[in-house]
Amino acid sequence: IVSSVMLGILFLMPEFMEARGYPNWLRDGGASALWILGAVALMIPIGHVADRIGRRRMMLILIALGVVVYFTVVWSPRLPVPVFVVLLLMGGGCIATVNPLGVSLGQQMAPHHASIISGVLMGLAWAASAFSPAMVGALAKVQSIGIIGALAISGSLLCVQLCLALFLP
């Protein structure tokens with residue numbers, strides 16, 4: 001689910017930046033780069049924290065924070081650029097780290113099946129999410145939904161993910 005949300009927001013990021021009136025450098029790749037940079041910067045520290053407090057707990061925290069940051073980014077009117085940059089870094093960091101954390105949790109739960117866990121939770125997750133840019137793009141073209149509505153619909157999947165994660169052991 002998080003992979004789909006990631007691909008969806010990255011796909012619509014240039015149009016979203018233009019719709020909100022952000023500077024060209026954000027529209028022309030800066031916002032996407034910051035989202036991904038947040039993911040890269042937080043994966044290792046989050047893994048370290050997860051080893052201390054538990055992968056499930058860390059996953060729940062990240063998804064909950066991801067929901068808050070994602071919808072703050074999507075629903076807020078144009079924010080000051082420095083604030084928006086921090087939110088992009090946080091959004092990418094919170095949302096993108098859930099997938100590798102899930103792989104780690106799966107491998108912990110079934111250590112004798114680590115390869116199949118990795119294949120399903122990484123390969124299948126990204127393969128299934130490959131359709132999300134087309135779906136989010138199609139939603140954005142519907143006049144009554146638009147870019148903001150399409151991103152909100154996509155982001156609502158994070159709430160579903162949070163509910164599902166509550167059932168993890």
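As the structure is a computational prediction, the values presented were derived from the model and not from experiment.
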Would you mind writing out the side-chain donor-acceptor pairs for residues 69-82 within the sub-3.5 Å range, not counting sequence neighbours?
{"from": "Tyr70", "atom 1": "OH", "to": "Leu151", "atom 2": "O", "distance (Å)": "2.7"}
{"from": "Thr72", "atom 1": "OG1", "to": "Val68", "atom 2": "O", "distance (Å)": "2.6"}
{"from": "Ser76", "atom 1": "OG", "to": "Thr72", "atom 2": "O", "distance (Å)": "2.6"}
{"from": "Arg78", "atom 1": "NE", "to": "Gly21", "atom 2": "O", "distance (Å)": "2.7"}
{"from": "Arg78", "atom 1": "NH2", "to": "Gly21", "atom 2": "O", "distance (Å)": "3.4"}

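The distance from atom CE of Met90 to atom CD1 of Ile95, rounded to the nearest 0.5 Å, is 10.5 Å. One finds the SG atom of Cys159 at 10.5 Å from the CD1 atom of Ile63 (value rounded to the nearest 0.5 Å). Here Phe131 contributes atom CZ and Leu7 contributes atom CG; the two are 12.0 Å apart, rounded to the nearest 0.5 Å. To the nearest 0.5 Å, atom CE of residue Met17 and atom CG of residue Leu12 are 10.5 Å apart. Distance CG/Leu89 to SG/Cys94: 10.5 Å, rounded to 0.5 Å. Here Gln161 contributes atom CD and Leu166 contributes atom CG; the two are 10.5 Å apart, rounded to the nearest 0.5 Å.
A pairwise comparison of heavy atoms in Val103 and Met122 identifies CG2-CG, 3.4 Å as the closest pair. The shortest heavy-atom contact between Leu158 and Gly66 is CD1-O, 4.2 Å. In this structure, Ala150 and Leu139 approach most closely via the heavy-atom pair CB-CB, 3.7 Å. For Ala96 against Met43, the heavy-atom pair with the smallest separation is O-CE, 3.7 Å. Pro133 approaches Ser129 most closely through the heavy-atom pair CD-O, 3.7 Å. Ala165 and Arg56 make their closest contact through O-NE, 3.9 Å (heavy atoms, listed as atom of the first residue, atom of the second, distance).
When hydrophobic clusters are built by joining Ile, Leu, Val, Met, Phe, Trp and Tyr residues whose side-chain heavy atoms come closer than 4.5 Å, directly or via intermediates, Leu124 is not grouped with Leu105. One hydrophobic cluster, built from ILVMFWY side chains closer than 4.5 Å, holds both Val2 and Val160. Residues Val67 and Leu101 share a single hydrophobic cluster, defined by chaining ILVMFWY side chains whose heavy atoms lie under 4.5 Å apart. No continuous path of ILVMFWY side-chain contacts below 4.5 Å connects Ile44 to Leu37, so the two sit in separate hydrophobic clusters. A continuous path of Ile, Leu, Val, Met, Phe, Trp and Tyr side chains, each step under 4.5 Å between heavy atoms, connects Met109 with Ile53, placing both in one hydrophobic cluster.
Residue pairs meeting the ring pair (Phe, Tyr, Trp, His ring centres under 6.0 Å) criterion with at least one partner in residues 148-169, sequence neighbours excluded, are absent. Applying the side chain to side chain donor-acceptor pair (under 3.5 Å) test to every pair with at least one member in residues 15-25, sequence neighbours left out, gives these pairs: Asn24-Arg27. Among pairs with a residue in residues 133-148, none fulfils side chain to side chain donor-acceptor pair (under 3.5 Å), at least two apart in sequence or across chains. Within the structure, the side chain to side chain donor-acceptor pair (under 3.5 Å) test picks out the following pairs touching residues 87-110 (sequence neighbours left out): Ser3-Asn99, Arg55-Ser104, Arg55-Gln108, Gln107-Ser118.
Taking 4.5 Å as the limit, every side-chain heavy atom of Ile1 sits out of range of all side-chain heavy atoms of Val98. A heavy-atom distance below 4.5 Å is not found between the side chains of Leu168 and Leu60.
Not a single ring pair (Phe, Tyr, Trp, His ring centres under 6.0 Å) links Phe16 to another residue, sequence neighbours left out.
Taking a 6.0 Å sphere around CD1 of Ile116, one finds it holds 12 or fewer heavy atoms contributed by other residues, nucleotides or ligands.
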